[in-house]
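Here the structure is laid out as structure tokens; the discussion comes afterwards.
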Amino acid sequence: MKRLFACALAVVALVAFGFVSYRLGLQAGAAQAKEAFGSVLASVQADLGVNKLQRLRALESDLARGCSKEALAKVRFDIDVELYVLSSFYRDYKGTSAVDQLAKRDPALPGQLEGFKKQYGDSWTEPKCVT
């Protein structure tokens with residue numbers, strides 16, 4: 001009887017130890033994932049910021065040299081690209097709070113994104129400012 005009790009106690013202890021180990025592992029994994037997410041997000045935001053800054057500097061240069069038609073064409077292409085990206089996002093996350101946030105910022109945007117078609121296709125040659 002004592003032997004059976006000892007075996008049962010050992011099994012209970014082993015299951016409890018396994019459960020505690022599992023919970024600790026979940027907490028450690030979640031903390032590690034949260035920490036890694038922040039640095040990846042910061043890296044992506046920095047990349048996007050540098051890309052936008054470079055584009056704005058190029059547009060500023062075109063405008064400073066009097067190439068307003070070329071700058072306007074580039075802006076229109078950029079708007080088309082952004083609408084295409086947002087339309088994909090809209091289709092993938094329609095009905096979620098993320099899309100609701102888009103509608104709060106610009107109530108007309110969901111209507112634009114619903115049936116959006118790219119104006120420029122898959123390739124486009126950027127006009128050069130020759131002045």
- prompt: Less than 4.0 Å between a side-chain N and a carboxylate O, is that true for K118 and D80?
  reply: no
- prompt: Under a 4.0 Å N-O cut-off, is there an ion pair linking E126 with R55?
  reply: yes
query: Should L83 and V75 be regarded as members of a common hydrophobic cluster, given that ILVMFWY residues are connected when their side-chain heavy atoms come within less than 4.5 Å of each other, either directly or indirectly?
result: yes
Are side-chain heavy atoms of [X] and [Y] found at a separation under 4.5 Å?
X	Y	answer
K74	W124	yes
L102	D106	no
R76	Y120	yes

message: Donor-acceptor check, side chain of S21 to backbone of F17, threshold 3.5 angstrom: yes or no?
response: yes
task: Using modelled atom types only, decide if a donor and an acceptor are shared between the side chain of D62 and the backbone of C67 within a distance under 3.5 Å.
output: no
task: Step through the shown structure and confirm whether more than 12 heavy atoms of other residues, nucleotides or ligands are within 6.0 Å of OH on Y84.
output: no
- request: Determine whether more than 12 heavy atoms belonging to other residues, nucleotides or ligands lie under 6.0 Å from atom OH of Y93.
  value: no
Straight-line distance of [X] [atom1] to [Y] [atom2], nearest 0.5 Å:
X	Y	atom1	atom2	value
N51	L56	CG	CG	11.0 Å
L72	L59	CG	CG	10.0 Å
I79	L86	CD1	CG	12.0 Å
E70	L63	CD	CG	10.0 Å

Pairs under 3.5 angstrom only: tabulate donor-acceptor contacts from the side chains of residues 109-117 to other protein residues two or more places apart or in another chain.
residue: E114; atom: OE1; partner: Y90; partner atom: OH; Å: 3.0
residue: E114; atom: OE1; partner: K94; partner atom: NZ; Å: 3.1
residue: E114; atom: OE2; partner: K94; partner atom: NZ; Å: 3.0

